[in-house]
Amino acid sequence: MKYSALAKAGLGLALLLVFLTACGQPKETRADIFNPNGIKVMPVRDSFGQMVNVPISPKRIAVTDQLAMDYLNALDANVSLAAKPAGGSYMFPPYTEQEQRDSLSLIETENGSLDPTALAGQKPDIIFTDNSDRSTYDALSKIAPTVYI
């Protein structure tokens with residue numbers, strides 16, 4: 001009988017310790033699970049051959065046009081900033097989900113090309129572009145890490 005009471009007390013104490021230990025752990029984010037060493041950036045070689053330090057979990061991903069956004073949508077990336085075409089209102093492709101339409105901030109353009117000043121004001125963490133103009137790429141690289149795809 002004595003051992004039964006001790007076993008119950010020991011089991012109760014063990015369960016209490018497990019419960020308290022679990023409550024004290026911080027929540028894991030997706031980046032923590034896939035990045036246990038706390039790496040902040042990963043070097044990637046883009047289509048220009050440049051090494052770009054891509055943030056592991058960027059919050060504000062910018063694209064310079066719809067084609068670049070299509071590439072990132074295929075990878076299930078959370079694009080938050082996109083260029084607004086010159087003239088008139090922005091027309092999303094019909095396959096763009098409503099959730100993305102509602103969460104996307106549109107960046108004004110100037111004469112049909114992206115305005116780097118307007119983009120810089122949005123403070124992106126990373127920029128994806130398919131614009132092959134090297135001077136545009138260099139201007140975007142001064143704002144945030146830029147990947148040419």
Side-chain angles (χ1 to χ4, degrees), residues 10-149:
L11 181 62
L13 182 60
L15 288 174
L16 180 64
L17 288 174
V18 168
F19 177 74
L20 291 175
T21 302
C23 291
Q25 297 297 321
K27 279 186 159 180
E28 286 185 329
T29 64
R30 184 175 174 186
D32 294 334
I33 293 168
F34 295 107
N35 185 13
N37 297 329
I39 300 169
K40 302 284 187 217
V41 296
M42 177 182 4
V44 173
R45 187 174 306 277
D46 70 1
S47 295
F48 269 136
Q50 301 293 313
M51 289 303 292
V52 180
N53 287 326
V54 175
I56 293 295
S57 55
K59 304 288 187 247
R60 299 185 56 78
I61 300 173
V63 294
T64 58
D65 58 29
Q66 183 62 48
L67 188 56
M69 186 160 69
D70 288 345
Y71 293 143
L72 292 175
N73 283 344
L75 297 171
D76 200 27
N78 187 17
V79 177
S80 58
L81 304 164
K84 178 179 176 182
S89 61
Y90 184 78
M91 294 297 294
F92 287 100
Y95 52 81
T96 306
E97 294 180 12
Q98 187 63 41
E99 182 180 340
Q100 185 174 28
R101 293 178 192 207
D102 294 341
S103 67
L104 199 62
S105 296
L106 297 176
I107 306 159
E108 294 295 327
T109 58
E110 185 178 283
N111 301 327
S113 62
L114 183 68
D115 180 10
T117 307
L119 178 60
Q122 295 291 328
K123 297 184 172 103
D125 294 331
I126 188 165
I127 303 168
F128 288 90
T129 185
D130 67 346
N131 186 334
S132 61
D133 178 35
R134 188 56 192 234
S135 62
T136 301
Y137 176 86
D138 291 340
L140 294 174
S141 294
K142 292 176 183 172
I143 298 168
T146 302
V147 178
Y148 171 62
I149 50 178

**Report entry** Nearest heavy atoms of Val41 and Pro55, plus distance in Å
**Finding:** CG1-CA, 4.0 Å

Query raised in the report: How far apart are the C-alpha atoms of Leu119 and Ile127, what are their side-chain angles, what is the distance that settles it, and do they pass the side-chain contact (heavy atoms from CB on, under 4.5 Å) test?
Result: CA-CA 10 Å; Leu119 178 60; Ile127 303 168; 3.5 Å; yes

Report task. Not counting sequence neighbours, which residues clear side-chain hydrogen bond (donor to acceptor under 3.5 Å, both in side chains) with Gln98? List them please. Result -> Asp102

Requested in this report: Just jot down the side-chain contact (heavy atoms from CB on, under 4.5 Å) partners of Asn78, sequence neighbours excluded, or say none.
Outcome: none

Requested in this report: Please answer whether the main-chain N or O of Leu81 pairs with a side-chain N or O of Arg60 as donor and acceptor at a distance below 3.5 Å.
Outcome: no

Requested in this report: Mind listing the closest non-hydrogen atom pair of Asp46 and Val52 along with its distance?
Outcome: OD2-CG2, 3.9 Å

Requested in this report: Heavy atoms only: give me the nearest Lys59-Asp125 pair and the separation to one decimal.
Outcome: N-OD2, 2.7 Å

Tell me which donor-acceptor pairs under 3.5 Å the side chains of residues 138-149 have, and how far apart each pair is, sequence neighbours excluded?
unit_1	atom_1	unit_2	atom_2	d
Asp138	OD1	Arg134	NE	3.3
Ser141	OG	Tyr137	O	2.9
Thr146	OG1	Leu140	O	3.1
Thr146	OG1	Ser141	N	3.3
Thr146	OG1	Ala144	O	2.9

